[in-house]
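The structure displayed is predicted, hence computed values, not measured ones.
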Amino acid sequence: VQLQASGGGLVQTGGSLRLACAASGRTFREMGWFRQTPGKEREFVAVSRGGSNTYYAESVKGRFTISRDNAKNTAYLQMNSLKPEDTAVYYCVGRNGILTGIMDATTYHYWGLGTLVTVSS
């Protein structure tokens, strides 16, 4: 089972990036993203349970959109109006069979390696 994240990079404040997370080996009921900066714990960003069933951190609501392509077993995170405080390593996650703690990093058993997003001011 593997989660492969891609799409990170350097962008100016106000710019956009699109992250992709391709899953192989199994499908997940929930797929999403956490992020982490040095010295801090991993922070919830967004998760999709499929369709319109999505969850977002308050800090990214209205700017980020998560979507899924079930045929490709891939989740996407469209990030618009990026701010310097969005700079972090973004990790793709997946889980099945857990109904609670959707924003709790410890409930996700599958993690990708991470992709770096840097927003310059």
Any idea how Tyr90 and Phe64 line up, ring-wise: parallel (<30°), tilted (30 to 60°), or perpendicular (>60°)? tilted

Just say parallel, tilted or perpendicular for the rings of Phe34 and Tyr108, cut-offs at 30° and 60°. perpendicular

Check [X] against [Y] and note the closest heavy-atom contact, atom names and distance.
X	Y	answer
Asn80	Ser16	OD1-OG, 2.9 Å
Arg63	Leu82	NH1-CA, 3.9 Å
Ala20	Thr74	CB-CG2, 4.4 Å
Ala46	Tyr56	CB-CD2, 3.6 Å

For Asp86 and Arg35, run side chain to side chain contact (heavy atoms under 4.5 Å, CB included): C-alpha distance rounded to whole Å, both residues' side-chain angles, the deciding distance at 0.1 Å, then the answer. CA-CA 9 Å; Asp86 295 317; Arg35 65 187 181 187; 3.0 Å; yes

Taking the side chain as every heavy atom from C-beta outward, state whether [X] and [Y] have any atom pair closer than 4.5 Å.
X	Y	result
Leu3	Met31	yes
Thr37	Glu85	no
Val47	Arg95	no
Arg49	Arg29	yes
Cys92	Trp33	yes

Please walk me through it: do Ile66 and Tyr55 pass side chain to side chain contact (heavy atoms under 4.5 Å, CB included)? CA-CA 9 Å; Ile66 189 169; Tyr55 302 82; over 6 Å; no

[Y] backbone acceptor or donor facing [X] side chain under 3.5 Å:
X	Y	answer
Thr54	Ser48	no
Asn73	Ala22	no
Thr13	Ser120	yes

[atom1] of [X] to [atom2] of [Y]: how many Å apart, nearest 0.5 Å?
X	Y	atom1	atom2	answer
Cys21	Trp111	SG	CH2	11.5 Å
Thr65	Gln78	OG1	CD	7.0 Å
Lys83	Ser121	NZ	OG	14.0 Å
Leu116	Thr118	CG	OG1	3.5 Å
Thr115	Leu77	OG1	CG	11.0 Å
Thr27	Arg68	OG1	CZ	8.0 Å

Honestly curious: do [X] and [Y] fall in one hydrophobic cluster under the side-chain, below-4.5 Å linking rule?
X	Y	value
Val11	Val45	yes
Leu17	Tyr76	no
Met79	Val119	yes

Decide yes or no on side chain to side chain contact (heavy atoms under 4.5 Å, CB included) for Ser59 and Glu43, but give the supporting numbers first. CA-CA 11 Å; Ser59 59; Glu43 174 190 25; 4.0 Å; yes

Working note: Val93 + Arg42, criterion side chain to side chain contact (heavy atoms under 4.5 Å, CB included); need CA distance, chi angles, decisive distance, verdict. CA-CA 12 Å; Val93 297; Arg42 292 184 179 182; over 6 Å; no

